[in-house]
**Q** 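Sharing a structure here in structure tokens format.
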Amino acid sequence: MQALVANVDSPEALLHAVAARQDRQSFLALFRHFAPRVKAYLRRQGADSAVADDLAQEVMFKVWRRAVAFDAAKASAATWVYAIARNAHIDAFRRTRRPEVDMDDAALVADSRPLPDDAMAHGERAKRVQDALASLPAEQATIVRMSFFLHKSHAEIAKELALPLGTVKSRLRLAFGRLRDALHEDRA
Amino acid sequence: MIEHHVSDDLLLEYAAGALDEASSLLIATHLALCPPCRAVVRDAEAMGGALLDGEPPEAMSERSPNNVLERVARPPADPAVRANTHGGADRWAGANLPQPLRGYVAETLSQRPWRRIAPGLRQLVLGTASGPTTARLFHLAPGKRIPVHSHRGLELTLVLQGTYRDECATFARGDVAQLDDSVTHRPVVDPSEECLALAVTQAPLRFRSTVMRLIQPLVGV
């Protein structure tokens, strides 16, 4: 257990504390970190401050409710919160549903390859992804941002940047390759 | 074993939340059957996570943390009403279909039945948001041949039961065929088993035969 205590402030450990014992202090720490970032993300979609504030609260409410489903072997806390915020954005602004895999579905084909047992290392891996993202050439970083933050299709990005569609796709693939290398560097 | 996967480009667009509902439905259903593609989407979402973490924070209202804590202290409302998964008498609403497709099919079947559009060919247009794409289930009789056609824009087909083959390959449960307007093909269902497939089209199919083109508006493909 001592090994975990060293990481007690990581967002992943905080999420586990919320899941395991509905720990309000841990939740407040998560709130202080993520809510202002979720709000900033929603403001970029054009939401005014009050709407973004309400929706960020909604996202944090879901973080509390779904904390038990968080699996640090599969994603960092930031990635998990991102997925919740992205779906809340689609629901609220695009007014369509977001079809998602149901991991509890009996018809789901389970992964036969075991996931690495390094749950707590995920926070560290998230840091590496962030470094990789920061080191992307500007032409790739712009497209990653337009895609993952503004949720524009590759065709929309191509049109807006006056680039061939193939160029948009290949830049995004290059960026993704760099990030995958950063994510799996220790597994090579 | 799934042999035909969704392209990384589409998985990236799905992970980024940039796809329409019908295409997302097909991809999410493929993901339920395909662990390797799920791993790609997880990695792609990490890009969104890193962006979120790097975002300059914008101050939340003073009341906001307590608002949420008060809300979580209240007893939970009824669990989110998921689309009915029983689906009445129709066997295709059964457990053979993975989520999220099963929910969409059950919901659609509670509103309208399958429609016969040709001998040995029935379709069910699923209730996704209106837009440039349509998601439909096709039920094809064993050995059914679909007339030669090509596609305007992208077409995705996910096989859920049975197999079919065209000039290029054979497709079985979980396989996705990704076709664009450069492909003209003539799929044939395996004679030993009926076939169920989910198709997402951006525009009506383009049949080569004049007769098929003439009756197309009548049969609705």
Side-chain angles (χ1 to χ4, degrees), chain A residues 24 27-28 31 35-41 43 53 56-57 60-61 64-65 74-76 78-83 85-87 89-90 96-102 105-113 126 129-130 133-134 144-145 147-149 151-154 169 172-173 176 179-180 183, chain B residues 2 8-9 12-13 15-21 24-29 31-36 38-61 64-65 67-69 71-72 76 82 95-102 104 128-129 131 174:
Chain A
R24 293 162 76 93
F27 180 74
L28 284 172
F31 193 97
R37 288 172 171 81
V38 170
K39 183 175 179 179
Y41 150 78
R43 294 275 275 138
D53 205 283
Q57 289 181 41
M60 294 311 295
F61 175 71
W64 173 287
R65 276 284 149 82
K74 290 188 173 154
S76 71
T79 298
W80 188 73
V81 173
Y82 166 76
R86 172 201 62 200
N87 294 354
H89 156 78
I90 293 172
T96 66
R97 290 179 286 184
R98 160 73 183 186
E100 283 271 2
V101 179
D102 177 354
D105 182 14
L108 184 93
V109 175
D111 199 344
S112 53
R113 298 168 310 170
V129 173
Q130 231 175 325
L133 196 69
V144 169
R145 182 167 275 278
S147 177
F148 281 81
F149 245 39
H151 311 296
K152 291 181 189 295
S153 70
H154 298 169
K169 287 181 193 289
L172 205 46
R173 262 184 246 140
F176 184 46
L179 289 152
R180 283 200 110 179
L183 267 173
Chain B
I2 293 175
D8 277 6
D9 291 338
L12 283 166
E13 273 186 312
L19 287 180
D20 56 277
E21 187 180 349
S24 296
L25 171 63
L26 184 141
I27 287 171
T29 305
L31 292 176
L33 300 172
C34 187
R38 283 209 295 277
V40 174
V41 168
R42 272 204 302 273
D43 285 353
E45 284 175 338
M47 293 210 269
L51 281 176
L52 182 66
D53 239 358
E55 189 72 351
E58 184 158 332
M60 290 289 289
S61 59
S64 61
N67 284 349
V68 178
L69 281 178
R71 211 173 140 199
V72 299
R82 210 175 266 175
N96 184 43
L97 298 180
Q99 293 286 26
L101 179 61
R102 193 164 74 241
Y104 276 83
T128 52

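Residue numbers start from 1 in every chain, and the chains themselves are labelled A, B, ... in the order their sequence lines are given, proteins ahead of strands.
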**Q** Heavy-atom pairs under 4.5 Å with chain B are the metric here; pick the option from R98(A), K169(A), M60(A) that has the most.
**A**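 Looking at each of R98(A), K169(A), M60(A) in turn, R98(A) comes out on top.
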**Q** In terms of heavy-atom proximity below 4.5 Å to chain B, should R37(A) be classed as side chain, backbone, both, or neither?
**A**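 It is both, since atoms from each part get that close.
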**Q** So, D102(A) and R102(B), do they make that salt bridge, N to O below 4.0 Å?
**A**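 Salt bridge absent between D102(A) and R102(B).
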**Q** Non-hydrogen atoms of chain B under 4.5 Å away: do they reach the side chain of A110(A), the backbone, both or neither?
**A**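 Answer is backbone: N, CA, C or O of A110(A) sit under 4.5 Å from chain B.
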**Q** Taking side chain as everything from C-beta outward and backbone as N, CA, C, O, which of these in A106(A) sits under 4.5 Å from a heavy atom of chain B? Side chain, backbone, both or neither.
**A**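 Neither the backbone nor the side chain of A106(A) comes within 4.5 Å of chain B.
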**Q** Using the benzene-type ring in the case of Trp, are the ring centres of H151(A) and Y41(A) under 6.0 Å apart?
**A**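 Yes, the ring of H151(A) comes within the 6.0 Å limit of the ring of Y41(A), centre to centre.
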**Q** Between L25(B), L19(B), L51(B), which has the largest tally of heavy atom pairs under 4.5 Å with chain A?
**A**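 Answer, by heavy-atom pair count under 4.5 Å with chain A: L51(B).
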**Q** For each of N67(B), L12(B), I27(B), V72(B), tally heavy-atom pairs with chain A at distances under 4.5 Å, and name the one with the top tally.
**A**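 The answer is V72(B).
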**Q** Would E55(B) and R145(A) pass as an ion pair if we require N to O under 4.0 Å?
**A**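 Answer for the salt bridge query: yes.
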**Q** Side chain, backbone, both or neither: which part of V41(B) has a heavy atom under 4.5 Å from chain A?
**A**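 For V41(B), no heavy atom lies under 4.5 Å from chain A.
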**Q** If you count heavy-atom pairs under 4.5 Å between each of A39(B), P100(B), A129(B), G48(B) and chain A, which one has the most?
**A**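 Ranked by heavy-atom pairs under 4.5 Å with chain A, first place is G48(B).
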**Q** So, does R86(A) use its side chain to make a donor-acceptor pair with the main chain of A15(B) at under 3.5 Å?
**A**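 Answer holds: yes.
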**Q** So which residue, K152(A), R24(A), H89(A), ends up with the most heavy-atom pairs under 4.5 Å with chain B?
**A**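 Of K152(A), R24(A), H89(A), R24(A) has the most heavy-atom pairs under 4.5 Å with chain B.
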**Q** Can you tell me if E13(B) uses its side chain to pair, donor with acceptor, with the backbone of H154(A) under 3.5 Å?
**A**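 Pair found, side chain donor or acceptor close to backbone of H154(A).
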**Q** Test your reading of the model: is there a side-chain donor-acceptor pair from Y104(B) to the backbone of P99(A), 3.5 Å cut-off?
**A**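 Judged by distance alone, no pair lies under 3.5 Å.
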**Q** Is chain B contacted by the side chain of L28(A), its backbone, both, or neither, given a heavy-atom distance below 4.5 Å?
**A**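 The side chain, not the backbone.
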**Q** Quick one: OG on S76(A) to CZ on R42(B), what's the gap to the nearest 0.5 Å?
**A**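 These two atoms lie 12.0 Å from each other.
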**Q** Can you tell me which portion of F61(A) sits under 4.5 Å from chain B's heavy atoms? Options are side chain, backbone, both or neither.
**A**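 It is both, since atoms from each part get that close.
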**Q** Using atom types as modelled and distance alone, determine if a side-chain donor or acceptor of D105(A) lies under 3.5 Å from a backbone N or O of Q99(B).
**A**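 The answer is yes, because a donor-acceptor pair under 3.5 Å joins these two groups.
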**Q** For A59(B), is it the side chain, the backbone, both, or neither that has a heavy atom closer than 4.5 Å to a heavy atom of chain A?
**A**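 A59(B) touches chain A through backbone heavy atoms alone.
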